[in-house]
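Only a predicted model underlies this, so the values are computations on that prediction, with no experimental measurement involved.
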Number of protein chains: 2
Amino acid sequence: MRIGELAARAGTTTRTLRYYESRGLLPARRGENGYRTYDEHDLRLLRQIRTLQDFGFDLEETRPFVECLRAGHPEGDSCPASLDVYRRKLGELDALIGELRSVRAQVGEQLARAERARDALAADAEVPGGPEPVCELGGRTR
Amino acid sequence: MRIGELAARAGTTTRTLRYYESRGLLPARRGENGYRTYDEHDLRLLRQIRTLQDFGFDLEETRPFVECLRAGHPEGDSCPASLDVYRRKLGELDALIGELRSVRAQVGEQLARAERARDALAADAEVPGGPEPVCELGGRTR
DNA sequence: GCTTGCCTTGACGTCGGCGTCAAGGACTAC
DNA sequence: GTAGTCCTTGACGCCGACGTCAAGGCAAGC
């Protein structure tokens with residue numbers, strides 16, 4: 001199978017495959033005409049890479065999985081190095097999610113505060129003569 | 001106040017301030033010698049930008065806040081455009097957090113599965129003669 | 001006058017993961 | 001032979017928010 005077919009079957013592009021090869025992640029055999037040649041096992045490796053990429057792993061982080069498969073193990077995560085990557089990723093994800101939740105809370109608070117301030121001004125504007133004095137002696141309220 | 005002092009007081013760099021100016025976000029007056037000149041109000045604007053940046057807003061998203069302050073409003077979020085940015089950001093944050101939680105769950109599942117597979121192999125290795133057959137007729141278990 | 005430290009503009013570098021174009025070779029179908 | 005489709009390498013572009021370097025101007029202290 002040539003590069004175009006592999007790309008199509010994996011739902012990616014030839015450029016991407018050449019990029020992976022340039023990174024040493026997915027080297028290719030060459031035919032007599034210089035064309036890259038791939039087999040089903042390469043498709044397996046490529047799918048492993050793509051799956052992890054979809055999870056937000058960067059390319060280097062997929063390397064242990066690919067090497068594990070290439071070493072003949074049944075799954076990309078059959079090797080300790082892959083498990084380490086999983087664990088590290090879980091830690092990163094937890095940290096990131098925590099940060100984002102914190103930010104979300106703060107932004108939500110800012111929005112609520114700003115809306116209250118806006119509504120207070122709007123309510124003031126409805127009173128002809130401007131807002132009520134903060135401190136009053138009961139004269140106008142009666 | 002010149003650029004170096006403003007940068008120091010805001011905990012950023014001169015490069016950053018020049019970048020903001022190049023983006024039209026924080027223009028500066030110029031002294032006779034061509035030096036940029038800033039005042040306390042600029043520091044206020046800059047701090048608004050930095051706060052939002054810390055929340056993960058990109059530069060363009062801080063613009064409504066800065067313009068709101070520059071228009072004389074008491075807060076950067078005293079204007080409807082700023083509130084819109086808040087709301088949009090909340091939506092983005094919720095979506096992102098949701099995705100990350102989903103990924104976290106999937107990665108956690110993969111890790112658990114891979115660890116079970118590893119432990120199963122390890123347990124097999126402890127039995128001299130290899131793993132028990134999946135289907136047996138009771139001969140060896142007795 | 002000389003050093004030191006701040007300032008100026010301009011321009012290239014960074015990071016990741018490719019997209020996109022250019023120029024040319026290989027192979028198939030007609 | 002030639003049109004069309006695939007392949008090759010090489011190289012520049014992109015995105016955001018700056019970092020970093022270069023060459024030179026301005027001001028202050030000695």
Side-chain angles (χ1 to χ4, degrees), chain A residues 1-39 42-43 45-66 85 88-89 92-93 96 103, chain B residues 1-39 42-43 45-66 85 88-89 92-93 96 103:
Chain A
M1 153 172 50
R2 291 177 305 182
I3 194 170
E5 187 183 345
L6 179 61
R9 290 182 62 185
T12 181
T13 68
T14 61
R15 178 70 183 90
T16 296
L17 299 189
R18 293 197 189 96
Y19 177 65
Y20 290 172
E21 183 173 9
S22 79
R23 305 274 87 195
L25 202 59
L26 192 65
R29 271 105 3 218
R30 298 300 180 114
E32 293 180 1
N33 49 16
Y35 288 9
R36 290 173 177 81
T37 305
Y38 302 91
D39 57 20
D42 291 316
L43 178 58
L45 300 183
L46 180 51
R47 285 191 168 139
Q48 173 75 77
I49 296 172
R50 292 264 108 192
T51 299
L52 295 175
Q53 288 264 90
D54 288 344
F55 283 166
F57 287 49
D58 41 70
L59 262 190
E60 277 312 308
E61 291 176 323
T62 72
R63 195 179 294 275
F65 296 80
V66 176
V85 174
R88 193 155 41 77
K89 208 67 190 178
E92 287 174 17
L93 283 168
L96 184 54
V103 166
Chain B
M1 161 173 41
R2 291 175 306 181
I3 194 171
E5 187 183 346
L6 179 61
R9 289 182 63 184
T12 182
T13 68
T14 60
R15 178 68 183 91
T16 295
L17 299 189
R18 294 197 189 95
Y19 177 64
Y20 290 172
E21 183 173 8
S22 79
R23 306 275 82 197
L25 203 59
L26 193 65
R29 271 101 6 213
R30 298 300 180 115
E32 294 180 1
N33 49 16
Y35 288 10
R36 289 172 178 82
T37 304
Y38 302 91
D39 58 20
D42 291 315
L43 178 59
L45 300 183
L46 181 50
R47 285 191 168 139
Q48 173 75 78
I49 297 171
R50 292 266 107 193
T51 300
L52 295 175
Q53 288 264 90
D54 288 345
F55 283 166
F57 287 48
D58 42 69
L59 219 44
E60 277 312 308
E61 290 175 325
T62 73
R63 195 180 295 272
F65 296 80
V66 175
V85 175
R88 191 155 41 78
K89 208 67 191 177
E92 288 174 17
L93 282 167
L96 183 54
V103 167

Round to the nearest Å and state the distance from [X] atom [atom1] to [N] atom [atom2].
X: A/D58; N: C/dC15; atom1: CG; atom2: P; value: 13 Å
X: A/E21; N: C/dG17; atom1: CD; atom2: C1'; value: 16 Å
X: B/E61; N: D/dC15; atom1: CD; atom2: P; value: 17 Å
X: A/M1; N: D/dC7; atom1: CE; atom2: C1'; value: 16 Å
X: B/L46; N: D/dC18; atom1: CG; atom2: C1'; value: 14 Å
X: A/Y38; N: D/dC6; atom1: OH; atom2: P; value: 16 Å

Minimum heavy-atom separation for [X] to [Y], with atom names?
X: A/V66; Y: A/L25; result: CG1-O, 3.7 Å
X: A/D42; Y: A/T37; result: OD2-O, 4.4 Å
X: B/Q53; Y: B/F57; result: OE1-O, 2.9 Å
X: B/R9; Y: B/L43; result: NH2-CD2, 3.4 Å
X: B/T14; Y: B/I3; result: O-CD1, 3.7 Å

**Request:** Would you please test A/L52 and A/E61 for side chain to side chain contact (heavy atoms under 4.5 Å, CB included) and show each step?
**Result:** CA-CA 8 Å; A/L52 295 175; A/E61 291 176 323; over 6 Å; no
**Check ion pair A/R63-A/E60 (N to O, under 4.0 angstrom)** = yes
**Request:** Go through the structure and list residues passing side-chain contact (heavy atoms from CB on, under 4.5 Å) with B/E32, not counting sequence neighbours.
**Result:**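 Counting only residues at least two positions away or on another chain, B/E32 forms no side-chain contact (heavy atoms from CB on, under 4.5 Å).
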**Message:** Under the rule for side-chain contact (heavy atoms from CB on, under 4.5 Å), what residues qualify as partners of B/T51, not counting sequence neighbours?
**Reply:** B/F55
**Prompt:** Just to confirm, is there a sub-4.0 Å distance from OP1 or OP2 of C/dC27 to any side-chain nitrogen or oxygen of A/N33?
**Reply:** yes
**Message:** Just to verify, what does A/E5 make a side chain to side chain donor-acceptor pair (under 3.5 Å) with, not counting sequence neighbours?
**Reply:** none
**Message:** Set out, in order, the CA-CA distance, both residues' side-chain angles and the distance that settles side chain to side chain contact (heavy atoms under 4.5 Å, CB included) for A/R36 and A/R2, then state yes or no.
**Reply:** CA-CA 6 Å; A/R36 290 173 177 81; A/R2 291 177 305 182; over 6 Å; no
**Message:** If you assign A/E32 and B/R30 each to the DNA chain C nucleotide with the nearest heavy atom, which residue ends up on the more 5' nucleotide?
**Reply:** B/R30
Can you tabulate the close N/O pairs, meaning under 3.5 Å, that link protein atoms to atoms of nucleotides 2-7 of chain C?
unit_1	atom_1	unit_2	atom_2	d
C/dC7	OP1	B/G4	N	2.7

**Message:** For nucleotides 18-23 of chain C, give me one character per nucleotide, 5' to 3': B if any protein heavy atom sits under 4.0 Å from the base, S if the only such contacts are to the sugar-phosphate, - if neither.
**Reply:** BBB---
**Asked** To the nearest 10 degrees, what angle separates the axes at the start and end of the helix from C/dG1-D/dC30 to C/dC30-D/dG1, five pairs each?
**Response** 30°
